[in-house]
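Small disclaimer: the values here were computed from a predicted structure and weren't measured. Chain identifiers are assigned alphabetically (A, B, ...) following the order of the sequence lines, protein sequences preceding nucleic acid strands; residue numbering begins at 1 within each chain.
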Protein chains: 2
Amino acid sequence: MTQKVTIRDLAEAAGVSVTTVSQILNGKGERFSSDTQARVLKLQKKLGYVPDYNARNLIMRSTQTIGVLVPNLANSFFSMFIKGIQQASQNNKFIPIIFDANHNQELQNMYLEELIKRAANGLIIASATLDANDIDRILTRNGIPYLLFDQNDAQIGDRVWVDDYKGGQMAANYLLSAGHRDIALLVGDEITQNIQQRINGFRSVMAKYHLSLTDERVIQNKMTKLGGYQAVDDLIALKPSAIFAINDEMAIGVYRGLQERGYRIPEDVSIMGYDDIDLADFVMPKLTTIHQPAFEMGQVATELLIERIQNPRLAHQDKQLPLELIVRDSVKNV
Amino acid sequence: MTQKVTIRDLAEAAGVSVTTVSQILNGKGERFSSDTQARVLKLQKKLGYVPDYNARNLIMRSTQTIGVLVPNLANSFFSMFIKGIQQASQNNKFIPIIFDANHNQELQNMYLEELIKRAANGLIIASATLDANDIDRILTRNGIPYLLFDQNDAQIGDRVWVDDYKGGQMAANYLLSAGHRDIALLVGDEITQNIQQRINGFRSVMAKYHLSLTDERVIQNKMTKLGGYQAVDDLIALKPSAIFAINDEMAIGVYRGLQERGYRIPEDVSIMGYDDIDLADFVMPKLTTIHQPAFEMGQVATELLIERIQNPRLAHQDKQLPLELIVRDSVKNV
DNA sequence: TTGTAAGCGTTATCAA
DNA sequence: TTGATAACGCTTACAA
């Protein structure tokens, strides 16, 4: 339908060989007479010749593509993460292909395979539903470097990370120093490694205060606004003075559930989130939370991955980014 | 680094020819003994063989790819739109490549070119910064079908749309029948064709009430939460009893600005949005808005495009989807 | 029931 | 200065 003009047509029209055309068009044509060069270039324009992408890649073995798998595009954390990826990719002349696995394992497998098929030069996988060892097996076998993120087993491969343990501690310290003792924890239904760390960090500080977070004070639900909303009855039953939601999306769901039931935030119950999505600054009251540098994480992940692609023998890369406590208005001193 | 597993490796391992492997893996292997078939399939899994995309496309001449250009991934409307695209693509065995043009014309041109290079079979362009005629020229010359969305000139090519004029009317009717007369309008800084329609529809109803929306009652800013927030001083200066924000993102920014200044919604000023993003249901008070079926729009756009790809001679396609007034709590009767 | 061999459009090697 | 020719990994007539 498109591109009927091949390099052969062009060569013929110019009365030279395909080698000549190829070399000239790829900037390796200094050795040819300027006459020939001019002729080829001119005819390329005239015939509208565009090298066939597939044929080219077949031999070049580089698609300048990285694949990206996220669990949910609609989560602001991931849209920021993706924007970071796009930015860094662009700077390095790579193209990111993005898939939303929709928290669905089957879909994720399908996309993973699709990305391998399309000869992505590297992958960023920010999705927890696949087993890290499975990923490693299939990708390593295909010689594709990758970077796991938010994963069950982040030890494999390069790594960009934040200290979730410390993040959990920061949250706990803030709540406890504000005087809260009756704390409930709201987490997702998939406890990934990094989130487990958050929980552990949180618990460690509680322990220092000789408080314990028993299992019945830990509520699980989907890691979305709706999940947070649906967890509200469970949370209320615990009569907490403060709730730590494991991400901002859930926290915002909790807002709605509490407010619908007439609870005031933070007068009746304090809320603390995690992520610092753009929205956290736009809800009422503004959400106190732990800032994760999502955009920067996307950038750095991409940069590490591209370095790895360009130099596979590189030593293990590991980059940590800082977390930050963002105090807003959703936690009250008691 | 491990070498990529080729069809030859697999054939060798199975003790058969590459033809056999190729046929079996492409579902044309009935003629081979079930023993052979089983062996090949099993070894494929074991070796993790994935056909080379470039080599395959080189022969098959179809990338099964559609390109997608959106102005801003972080806007929930577009994340939903994309989810619809992904869903429909998946059903039709296509893969969407998604780019966030970030409201940046240069970036958009770059991505457009990239998509052509990569031989995308079709494009969905939901981004207003390119001139529709430019797009048409470039894409038509390359024989790539496309579908414009949210564009300046939606007449070209296939079309999936909602009746924005009517949407504007619905919003106005609701505000006016709630008794509001001092209305301010908040719009984006790029007035695309569809948004102009919204405004026109809104104005037409005002006119019926013998009210006019003078230009100084129309405030412009970026179509983001932050843009809405930044517009608040301008809005307040107009002392409106109600504000119609041209999208929900902006409405939510207005919420914050008003609430920070001590205004109560809807007691002191009513707000009406447009889009019905997931968030609209989670802010306080819940946002009254016009529902656009973003997910479905993505689905339908994709289906139309794929039909067009598979049958280029098809007559002009045009599909309209319904809007709906969603009454929540941000507009008060006066 | 299976295999041989000819391409697809490109770039890279090496000889002329 | 140039050009044959051999890959690249795959699908598909056509043979066997």
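No more than 12 heavy atoms of other residues, nucleotides or ligands lie within 6.0 Å of CD in B/E113, so this atom counts as exposed by the packing criterion.
Rounded to whole angstrom, the span from the CD atom of B/Q44 across to the P atom of D/dC10 amounts to 11 Å. One atom, CD of A/E30, and another, P of D/dT2, lie 13 Å apart when rounded to the nearest Å. Spacing between atom CZ of B/R8 and atom P of D/dT11 amounts to 12 Å, rounded to whole angstrom units. Distance B/L25 CG to D/dT12 P: 13 Å, rounded to the nearest Å. Atom CG of B/N57 and atom C1' of C/dG7 are 16 Å apart (whole Å). Summarising the geometry, the separation between CG on A/N54 and C1' on D/dC10 is reported as 11 Å, rounded to the nearest angstrom. What separates CG of B/L58 from P of C/dA6 is a distance of 17 Å, to the nearest Å. Remark: C1' of D/dC10 and CG of B/D9 are 13 Å apart, rounded to the nearest angstrom.
Remark on DNA chain C: of its neighbouring residues B/A55 and B/G15, the 5'-side contact belongs to B/G15, judged by nearest-heavy-atom nucleotide.
The side chain of A/T20 contributes no N or O atom lying less than 4.0 Å from OP1 or OP2 of D/dT2. Dashed line: the shortest gap from a side-chain N or O of B/T6 to OP1 or OP2 of D/dC8 is not under 4.0 Å. When the side-chain nitrogen and oxygen atoms of A/S33 are compared with OP1 and OP2 of D/dT2, one or more of them lie within a distance under 4.0 Å.
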In B/S/- notation (B base, S sugar-phosphate only, - none; protein heavy atoms under 4.0 Å), nucleotides 11-16 of chain C written 5' to 3' is BBB---
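When side chains are defined from C-beta on, B/M297 counts as touching B/F149, because their heavy atoms get closer than 4.5 Å. Counting only heavy atoms from C-beta outward, the side chains of A/L69 and A/L123 never approach each other to under 4.5 Å. Taking 4.5 Å as the limit, some side-chain heavy atom of A/L25 sits within range of a side-chain heavy atom of A/Y49.
Proximity of a side-chain donor or acceptor of B/D52 to a complementary backbone N or O of B/N54 within less than 3.5 Å is detected.
A salt bridge links B/R118 with B/E114: the distance from a Lys NZ or Arg NE/NH1/NH2 to an Asp or Glu carboxylate oxygen falls below 4.0 Å.
Here A/L115 contributes atom CG and B/I95 contributes atom CD1; the two are 8.0 Å apart, rounded to the nearest 0.5 Å.
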